[in-house]
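Notes follow once the structure below has been shown.
Worth saying up front: this structure is predicted, and the values here are computed from it rather than measured. Both counts, for ligands and for their atoms, begin at 1 and track the order of listing.
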Amino acid sequence: MVQLGVNIDHIATVRQARQADEPDPAWAAMEAELGGADGITFHLREDRRHVNDRDAEVLKRTVASKLNMEMSIDPEIVKIALNLRPDQCTLVPERRAELTTEGGLDVRKLSRRLAPVVKKLNRVGIATSAFIEPVPEQIAASAKAGFGAVEIWTGSYAHATNADEREAALEILANAIDVGHNEGLIVHAGHGLTYRNVTPVAQLPGWSEFNIGHSIVARATLVGMRAAVREMKRLLHEADDRPNLVMLAPDDLADPTGTD
Ligand code: PXP
């Protein structure tokens, strides 16, 4: 069954908005697990704009599910990852000016810099994943660089503005899953997935893991993290039972108290 990794970065974003000590991302991670999260994802950015080093350490000590650290290949961050030993590292491109990770890593271009990092991480038993766009050459380059998994950027689907664009993006995603499997890779998905748009993506067979952040944290501010995660898991697991809707009406979302 497909796994849900909940990205809790924006819990820390709220905390940092006031330079305060709440809300705590580790508490949010625990609530996410109680709602059924199969993993917790965080991005330790070079500028520490949300999650900080202490959060990473507390998450490592408290997360009972799979801990997935998103990171650049900055040497200081790589050193932290090697010491921290999360279950998985997802290597992502990082630019200080960006609001969130924009697009995938250019593994083809960066393979000489990426491969040694991947090797070091693999050597200490950390699973490695490359966040890339659904481009066959990037998938093949990821396998060649030593990654065990790829996380396919779903942004072109999420940002599509009409049905034709969405259909085309879904076809590209389906092809990326096939290419990934043929390369012997585990295939994850992430970026821009929401309660309203996730169903058609979840209907594509072959995904192992979804990493979803902003939409779950946004919903959690209103209904609580456990309910928000429970509902996203239900959408993922029941995707095949639903008509191929791109936009779910609010009534299609479960009672946030989880009592229905
Ligand atoms: N996967 C990766 C690699 C990301 O960088 C992000 C954004 O932090 C996500 C998934 C989650 O994206 P979103 O917040 O749009 O759900």
Side-chain angles (χ1 to χ4, degrees), residues 2-14 16 25 28-29 32 37-51 55-56 59 66-74 77 81 86-107 110 114 127-134 138-139 142 147-160 169 173 176 180 185-199 201-202 207-221 225 228-229 231-233 235-236:
V2 72
Q3 309 271 291
L4 172 61
V6 176
N7 181 315
I8 44 76
D9 290 348
H10 293 317
I11 298 293
T13 302
V14 174
Q16 294 315 112
D38 303 293
I40 300 297
T41 294
F42 70 98
H43 186 171
L44 188 69
R45 283 183 167 269
E46 291 163 31
D47 63 9
R48 309 297 199 274
R49 72 168 73 149
H50 39 54
V51 170
D55 295 329
L59 287 167
K66 173 177 172 178
L67 186 62
N68 176 36
M69 174 175 171
E70 289 178 14
M71 56 185 269
S72 71
I73 52 170
D74 174 80
I77 299 286
D87 299 294
Q88 175 174 283
C89 286
T90 300
L91 301 197
V92 301
E94 190 172 313
R95 286 196 306 113
R96 287 189 186 223
E98 69 194 1
L99 287 178
T100 182
T101 311
E102 291 162 358
L105 265 182
D106 190 342
V107 180
L110 295 170
L114 285 165
T128 48
S129 178
F131 185 51
I132 56 169
E133 289 174 32
Q138 295 290 356
I139 299 169
S142 302
F147 287 97
V150 282
E151 179 172 330
I152 302 294
W153 179 74
T154 45
S156 55
Y157 165 79
H159 301 149
L173 292 175
L185 295 162
I186 296 165
V187 186
H188 306 158
H191 186 85
L193 296 173
T194 69
Y195 294 86
R196 296 182 194 287
N197 72 15
V198 77
T199 296
V201 183
W207 300 117
S208 292
E209 179 179 305
F210 281 76
N211 281 300
I212 306 180
H214 183 265
S215 188
I216 292 178
V217 171
R219 189 158 165 84
T221 62
M225 185 59 98
V229 172
E231 182 56 24
M232 184 58 82
K233 279 212 56 161
L235 287 174
L236 292 178

Need the ligand 1 atom indices (1-based, order shown) with element for anything under 4.0 Å from a heavy-atom of N211. 10 (C), 11 (C)

Considering the heavy atoms of N7, write down every atom of ligand 1 situated less than 4.0 Å from one of them. 8 (O)

Who are the ring pair (Phe, Tyr, Trp, His ring centres under 6.0 Å) partners of F42, not counting sequence neighbours? none

Given H191, E70, R45, H50, which one has a non-hydrogen atom that is nearest to atom 4 (C) of ligand 1? E70

Under 4.0 Å from a heavy atom of H214: give me the atoms of ligand 1 that qualify, with their elements. 13 (P), 14 (O), 16 (O)

side-chain hydrogen bond (donor to acceptor under 3.5 Å, both in side chains) filter on D74, not counting sequence neighbours, yields none

Got an N/O contact under 3.5 Å between T90 and ligand 1? no

Between H191 and F131, how do the two ring planes meet: parallel, tilted or perpendicular, split at 30° and 60°? tilted

Mind checking whether H10 and H214 have side chains closer than 4.5 Å, heavy atoms only? yes

Taking the basic N atoms (NZ, or NE/NH1/NH2) and the acidic carboxylate oxygens, is any pair closer than 4.0 Å for R45 and D47? no

Contacting atoms of ligand 1, where contact means under 4.0 angstrom from a heavy atom of V92: 3 (C)

Euclidean distance, M232 CE relative to I216 CD1, rounded to 0.5 Å: 4.5 Å

Do any nitrogen or oxygen atoms of G190 lie less than 3.5 angstrom from nitrogen or oxygen atoms of ligand 1? no

Polar atom proximity, E151 to ligand 1 (N or O, under 3.5 Å): yes

With the threshold set at under 4.0 angstrom, would you say G192 reaches ligand 1 through any of its heavy atoms? yes

Measuring from atom CG of L235 to atom OG1 of T194, what distance do you get when rounded to the nearest 0.5 angstrom? 9.0 Å

Contact with ligand 1 for H43, non-hydrogen, under 4.0 angstrom: no

